[in-house]
Undergrad: 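The structure's right below; bear with me while I get my questions together.
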2 protein chains.
Amino acid sequence: VSDGDRGFPLAGDDLEARSVLEQLELAGGDGRFTGVAVSQARHVFGGMLVGQALRAAQLTGVPPNRRPNSVHGSFIGSPDGRLPLDYEVEQTRDGRSFSTRRVLARQSGAVVFVLTASFHDEEEGLTWELPLQPGVPGPEKLPVGRYATPFFDSRDVPVGEGPALPPHARRAWFRARQPLPDDQLLHDQALAYLSDHGPTRAVREPHADHPGVEQRMSVSLDHSVWFHRPGRVDGWLLSELSPIATGAGRGLAFGTIRTADGTLVATVTQETLLRVPGA
Amino acid sequence: VSDGDRGFPLAGDDLEARSVLEQLELAGGDGRFTGVAVSQARHVFGGMLVGQALRAAQLTGVPPNRRPNSVHGSFIGSPDGRLPLDYEVEQTRDGRSFSTRRVLARQSGAVVFVLTASFHDEEEGLTWELPLQPGVPGPEKLPVGRYATPFFDSRDVPVGEGPALPPHARRAWFRARQPLPDDQLLHDQALAYLSDHGPTRAVREPHADHPGVEQRMSVSLDHSVWFHRPGRVDGWLLSELSPIATGAGRGLAFGTIRTADGTLVATVTQETLLRVPGA
């Protein structure tokens, strides 16, 4: 899988013009599905695999009031965007209040991606979140960013504007351009998809001035999302992404996703391979 | 699995007096192993499952220079510490520079824990890390904390001492008391074990004043570790753990583990169930 911010809006990629829901569409049933979206380009946006695999997991008897609480994906091969992706779901466990699924994504028989998804019944409980500091510039007056597509709007908050962030961290607003149905599971799946936009860039950020970084090889190794609360992806969402550590050809990014009122709806981690010529 | 800071040093638990290496010991071979350590208590320290499963994965033909870069564990049952844990390893993939394993832990036939482990060849690469702010009090003058055991030393840095932390975050020093062999893989396994000490407490921290919190039900749901660089667990390590969000009966903690000179050796996340009476 190529890195999100390169692969996502690549010219000539016919997927670019398709909505998130079209890219998440699956055919099949009974624990075996095939991703409908096929591209003209070799690269695959990792978020598409995460979103499709979560959808496949959900379609194997998870009760509708049991929403995803976490997904952990491992990219273990090099899928080809021109070929269909096949998903096989293992129903690992259905417990009293949690369901666990494991999804294997294959291409031409070889495993290219594995997702573990956990689903939890709606519960009441104590609620707290890392507060959003006030003063983040809203999306309305910011220019549309270079990673925007016909179905996806993305606007970088300029570095230095708004409250202080950890070193090399970045803020961006994003949303799906088209309205989505009032189905929280669709929004969760779309959020899993969209959450892959940004982490590889965050990992690269501390090394932005390195002369070899433009010729990098930068691919996702793993991708995790924790869904803290319901949130809609057709409303503005604020992403804050920080690099944590790089070294040994890898790097880890950590991020939060909030609604426009500051509510923390999801946390994201991604480890990426980062091979830079001359490094 | 009970929460680390309750289950770890529980009185009457004979595991308390055993070294990390003894608790990680496995019998068997050929992809099927049994954990040797069995307790007199029902509860199981989650870190023991993470460490044992990582060890089992490593023992299935992972080349010795291929060290773990990440583990993602899912607690999906309620293991009984008085019964042995059986591990079955799936050799998911051996690629050019990465190996992936999936480990199923069973008790009386039922899956109670699943670990995905990724291993990566040693590589050179660009190196950066979130810097440690200066001024953290060293461990020498701090009192031994209440979670210390005969094999494990743990010392809380008093809240308010040292550089500012995110809200409700805590610092602690820890190390294995006995020297370990010069085998980085053992140190990685022991770090995976020890990294489960603290996250459930971090998730509870924002609610420490809630009257029901002492009667909580607090168990790990998932546990991830990313190994950025080699580190020894028989030297002092600094843990910084932050709650990210709680709600819906769950909570997420995020932490870093550094050597005494500030080098960031690992990142940890854990989602926990947090059910508090009257909440």
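So that the names make sense, note that chain A is the first sequence line, chain B the second, and so on, each numbered from 1.
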Undergrad: How about Thr263(B) and Arg229(B): does a side-chain donor come under 3.5 Å of a side-chain acceptor?
TA: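 Side-chain D/A pair, Thr263(B) to Arg229(B): absent.
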Undergrad: For residues Arg102(A) and Thr116(B), is any side-chain donor paired with an opposing acceptor at under 3.5 Å?
TA: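 The criterion, which ignores hydrogens and geometry beyond distance, is not satisfied for Thr116(B) and Arg102(A).
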Undergrad: Do Gln270(B) and Asp196(B) have side-chain N/O donor and acceptor atoms under 3.5 Å apart?
TA: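 A donor-acceptor contact under 3.5 Å links the two side chains.
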Undergrad: Taking side chain as everything from C-beta outward and backbone as N, CA, C, O, which of these in Pro243(B) sits under 4.5 Å from a heavy atom of chain A? Side chain, backbone, both or neither.
TA: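 It is both, since atoms from each part get that close.
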Undergrad: With chain B, which of Glu124(A), Glu129(A), Arg93(A), Arg250(A) has the greatest number of heavy-atom pairs at distances under 4.5 Å?
TA: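 Top option by heavy-atom pairs under 4.5 Å: Arg250(A).
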Undergrad: Is Leu104(B) in contact with chain A via its backbone, its side chain, both, or neither, using a 4.5 Å heavy-atom distance?
TA: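 For Leu104(B), there is no contact with chain A at all, as no heavy atom is under 4.5 Å.
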Undergrad: Tell me yes or no: between the side chains of Asp121(A) and Ser97(A), is some donor less than 3.5 Å from an acceptor?
TA: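 The answer is no; no qualifying pair exists.
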Undergrad: Say whether Asp222(B) and Ser74(B), considering side chains only, have a donor N or O and an acceptor N or O under 3.5 Å apart.
TA: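 Per modelled atom types, Asp222(B) and Ser74(B) side chains form no pair under 3.5 Å.
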Undergrad: If you count heavy-atom pairs under 4.5 Å between each of Thr256(A), Thr127(A), Thr246(A), Leu130(A) and chain B, which one has the most?
TA: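 Most pairs with chain B among the choices: Thr246(A).
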Undergrad: Non-hydrogen atoms of chain A under 4.5 Å away: do they reach the side chain of His228(B), the backbone, both or neither?
TA: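 His228(B) touches chain A through backbone and side-chain heavy atoms alike.
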Undergrad: Using heavy-atom distances under 4.5 Å, tell me whether Ser224(B) contacts chain A through its side chain, its backbone, both, or neither.
TA: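 Contact with chain A: side chain only.
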Undergrad: If you count heavy-atom pairs under 4.5 Å with chain B, which of Thr267(A), Thr269(A), Leu274(A), Leu252(A) comes out on top?
TA: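 Ranked by contacts with chain B, first place is Leu252(A).
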Undergrad: Do you know the tightest heavy-atom contact between Arg42(A) and Pro79(A)?
TA: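 Minimum heavy-atom separation between Arg42(A) and Pro79(A): NH1-O, 3.3 Å.
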Undergrad: Given that the side chain runs from C-beta out, which part of Trp128(B) has a heavy atom under 4.5 Å from chain A: side chain, backbone, both or neither?
TA: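 It is both, since atoms from each part get that close.
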Undergrad: Count the heavy-atom pairs under 4.5 Å between each of Arg275(A), His72(A), His207(A) and chain B, then report the option with the highest count.
TA: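 Top option by heavy-atom pairs under 4.5 Å: His207(A).
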Undergrad: Kindly give the heavy-atom pair with the smallest separation between Ala169(A) and Ser242(A), and that separation in Å.
TA: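 Nearest pair, atom of Ala169(A) first, then Ser242(A): CB-OG, 3.3 Å.
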Undergrad: Among Val276(B), Leu273(B), Val111(B), Ile244(B), which residue forms the greatest number of heavy-atom pairs with chain A at distances under 4.5 Å?
TA: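 Most pairs with chain A among the choices: Ile244(B).
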Undergrad: Could you tell me which of Gly212(A), Ala248(A), Pro131(A) has the largest number of non-hydrogen atom pairs under 4.5 Å with chain B?
TA: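 Among the listed options, the one with the most contacts to chain B is Ala248(A).
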Undergrad: Please check if atom CD in Glu122(A) has more than 12 non-hydrogen atoms from other residues, nucleotides or ligands closer than 6.0 Å.
TA: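 Counting neighbours around CD of Glu122(A), 12 or fewer heavy atoms of other residues, nucleotides or ligands fall under 6.0 Å, so no.
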Undergrad: Of all of Ser70(A), Ala245(A), Gly251(A), which one pairs up most often with chain B through heavy atoms under 4.5 Å apart?
TA: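 Highest number of pairs under 4.5 Å: Ala245(A).
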